[in-house]
Amino acid sequence: MANKVNRLVAETFLDIAKGLETGSFGNRPKIAVTGIGSEHGEENVMAGAVMAADAGVDVYYIGTLKNEKVNTVYVEDEAEVHKTMERLLDSKEVDGAVTMHYPFPIGVSTVGRVVTPGRGKSMYIANTTGTSSTDRIEGMVRNAIYGIIAAKACGIKEPTLGIANVDGARQCEIALKKLNENGYPINFATSARADGGCVMRGNDILGASADIMVTDSLTGNLFIKLLSAFTTGGSFEATGWGYGPGIGENWDRLVMIVSRASGAPVISGALCYAAELVKGDWKKVVKEELEKANKAGLKTVAKPQKKEAAEVKEVKAPPKEVVTAAIAGVEVMDLDDAVNALWAENIYAESGMGCTGPVIMVSDANLSKANEVLKKAGYVGE
């Protein structure tokens with residue numbers, strides 16, 4: 001009994017001392033990190049762990065190294081790393097964990113966070129690993145929701161959201177705006193470029209025109225690797241907070257992803273990012289945001305009705321005319337079908353590619369009518 005009391009007293013004084021040092025009092029988030037498997041060795045991961053401990057995180061290091069500032073859970077090889085990590089998570093001995101190459105189930109993907117070089121601002125990338133859905137558009141829509149969850153859990157009450165100009169961006173925009181109309185509030189960002197809109201250009205990614213940048217996971221993975229390691233030639237990720245937490249419905253483990261190429265600053269960032277999520281009660285935010293999104297029709301809005309091949313018939317082009325007006329917002333794979341839809345209404349149109357992506361070209365006189373036809377057919381949004 002005396003030993004237990006002495007231990008509690010010692011731990012209390014230690015917490016007070018660390019609080020005076022870091023400015024963080026009260027229960028500190030307990031975050032594990034797996035040290036084995038990094039391309040830069042365990043010493044690199046331990047260095048990141050110590051940096052996070054100095055910042056106020058109670059770090060549990062899973063590996064073979066020791067340091068007085070962290071708690072070491074001794075594991076000899078990589079085969080035992082995830083088993084040990086999951087045991088610590090499931091037993092609630094730790095609140096979250098940072099690791100490499102973790103297999104999330106379909107429906108769960110990670111929201112990364114980077115420092116953008118254009119303005120030195122932070123930006124969430126939704127998403128960077130895992131797969132929110134096997135359907136591309138649904139996946140991007142869910143990525144947007146997951147990005148909002150991560151940002152809100154980290155203290156941004158009304159995060160701005162932009163959509164990277166990748167395949168599926170326009171359909172994702174239509175679905176998200178429908179969700180917004182149905183009662184799920186989304187604070188859409190505006191591109192810094194002259195043409196505006198919430199579909200972001202490369203410049204917007206470099207300058208963080210939005211708090212959250214929505215994309216598919218493979219492109220997001222590329223973005224975060226480039227933005228984290230562009231100063232080092234790619235072999236060492238030097239800046240940012242890593243690939244972020246796995247988020248999804250019915251998923252309650254806080255598992256943060258880093259790369260085997262992540263350097264100590266990113267390891268530290270990931271541990272601190274996890275601590276922010278714990279302090280922000282991330283599980284509660286997940287529950288609240290998904291409930292609101294589902295109430296607004298997430299499960300149906302995220303899966304727009306696809307046109308059957310039989311619905312799209314080849315039609316004869318109307319007489320050719322000069323086309324100088326451009327309609328943006330049509331997916332590149334839908335260009336030919338969209339042109340056919342206009343031809344069927346006796347509107348001459350041509351497909352093209354503008355600097356912001358695919359466009360449908362029509363005459364100035366037919367612009368308004370063509371817009372209405374394409375909106376009705378679901379090729380462009382409002």
Side-chain angles (χ1 to χ4, degrees), residues 29-32 34 81-113 124-154 156 159 161 172 175-176 178-179 182-186 212 214-218 220-221 242-258 270 273-304:
K30 295 178 171 61
I31 311 297
T34 60
V81 161
H82 282 159
K83 290 180 182 178
T84 303
M85 180 191 81
E86 290 174 343
R87 175 179 61 77
L88 292 173
L89 284 168
D90 293 343
S91 66
K92 311 299 182 186
E93 292 178 65
V94 298
D95 302 305
V98 174
T99 192
M100 296 161 262
H101 294 289
Y102 190 77
F104 292 107
I106 298 296
V108 178
S109 60
T110 62
V111 181
R113 195 162 128 200
Y124 294 86
I125 297 181
N127 281 7
T128 59
T129 63
T131 302
S132 298
S133 171
T134 54
D135 179 88
R136 182 179 181 82
I137 305 305
E138 181 184 14
M140 290 179 65
V141 172
R142 287 187 173 275
N143 287 352
I145 306 301
Y146 299 169
I148 291 170
I149 288 168
K152 285 189 173 182
C154 287
I156 304 177
L161 183 140
C172 177
L176 288 175
K178 185 65 176 176
L179 266 184
N182 289 351
Y184 182 75
I186 299 174
I212 303 161
V214 177
T215 183
D216 62 281
S217 293
L218 289 176
N221 188 271
Y243 298 69
I247 297 176
E249 294 192 76
N250 304 314
W251 179 259
D252 64 356
R253 282 176 176 165
L254 182 57
V255 178
M256 316 285 293
I257 298 299
V258 291
Y273 185 2
E276 285 183 68
L277 291 165
V278 172
K279 290 179 179 178
D281 199 354
W282 72 280
K283 289 183 182 180
K284 180 182 178 183
V285 178
V286 169
K287 184 174 183 294
E288 291 176 346
E289 293 301 312
L290 286 175
E291 281 181 355
K292 287 189 290 185
N294 284 326
K295 187 177 180 180
L298 173 62
K299 288 181 170 62
T300 54
V301 168
K303 287 187 175 180

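When side chains are defined from C-beta on, Glu86 does not count as touching Val255, because their heavy atoms never get closer than 4.5 Å. Within the 4.5 Å cutoff, no side-chain heavy atoms of Thr215 are placed close to those of Asn143. Using a 4.5 Å heavy-atom cutoff, the side chains of Lys287 and Lys284 are not in contact. The shortest distance between side-chain heavy atoms of Thr128 and Ile257 does not fall below 4.5 Å. Using a 4.5 Å heavy-atom threshold, the side chains of Ile31 and Val94 count as separate. The shortest side-chain heavy-atom distance between Ile156 and Ile212 does not fall under the 4.5 Å cut-off.
At least one donor-acceptor pair under 3.5 Å links the side chain of Thr110 to the backbone N or O of Thr129. Not a single donor-acceptor pair under 3.5 Å links the side chain of Thr99 to the backbone N or O of Thr34.
With sequence neighbours excluded, the residues that form a side-chain contact (heavy atoms from CB on, under 4.5 Å) with Val286 are Ile149, Ile247, Trp282, Leu290. Every residue meeting the side-chain hydrogen bond (donor to acceptor under 3.5 Å, both in side chains) condition with Lys292, not counting sequence neighbours, appears here in chain and number order: Glu289. Residues passing the side-chain hydrogen bond (donor to acceptor under 3.5 Å, both in side chains) test with Asp252: none are found, sequence neighbours excluded. With sequence neighbours excluded, the residues forming a side-chain hydrogen bond (donor to acceptor under 3.5 Å, both in side chains) with Arg136 are Asp216, listed by chain and number. In this view, Ser217 satisfies the side-chain hydrogen bond (donor to acceptor under 3.5 Å, both in side chains) rule with no residue, not counting sequence neighbours.
In plain terms, the two heavy atoms of Gly130 and Ser109 that are nearest each other are C-CB, 3.7 Å. Considering every non-hydrogen atom in both Asn127 and Ser132, the closest pair reads ND2-OG, 4.0 Å. For the pair Pro245 and Leu254, the tightest heavy-atom approach, listed with the atom from each and the gap, is CB-CD1, 3.8 Å. In terms of heavy atoms, Gly244 sits closest to Tyr273 at CA-CE2, 3.8 Å. Contact detail for Leu179 and Ala296: the closest heavy-atom pair is CD2-O, 3.6 Å. Gly220 and Ile125 make their closest contact through CA-CG2, 3.8 Å (heavy atoms, listed as atom of the first residue, atom of the second, distance).
Applying the salt bridge (Lys or Arg N to Asp or Glu O under 4.0 Å) test to pairs two or more places apart or on separate chains, those with a residue in residues 92-103 are Arg87-Glu93.
Considering Trp251, Tyr243, Tyr146 in turn, Trp251 is the only one that fulfils the ring-ring contact (aromatic ring centres under 6.0 Å, His included) rule with Phe104.
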Criterion side chain to side chain contact (heavy atoms under 4.5 Å, CB included) on Glu276 and Lys279, from CA distance to verdict: CA-CA 5 Å; Glu276 285 183 68; Lys279 290 179 179 178; 5.8 Å; no
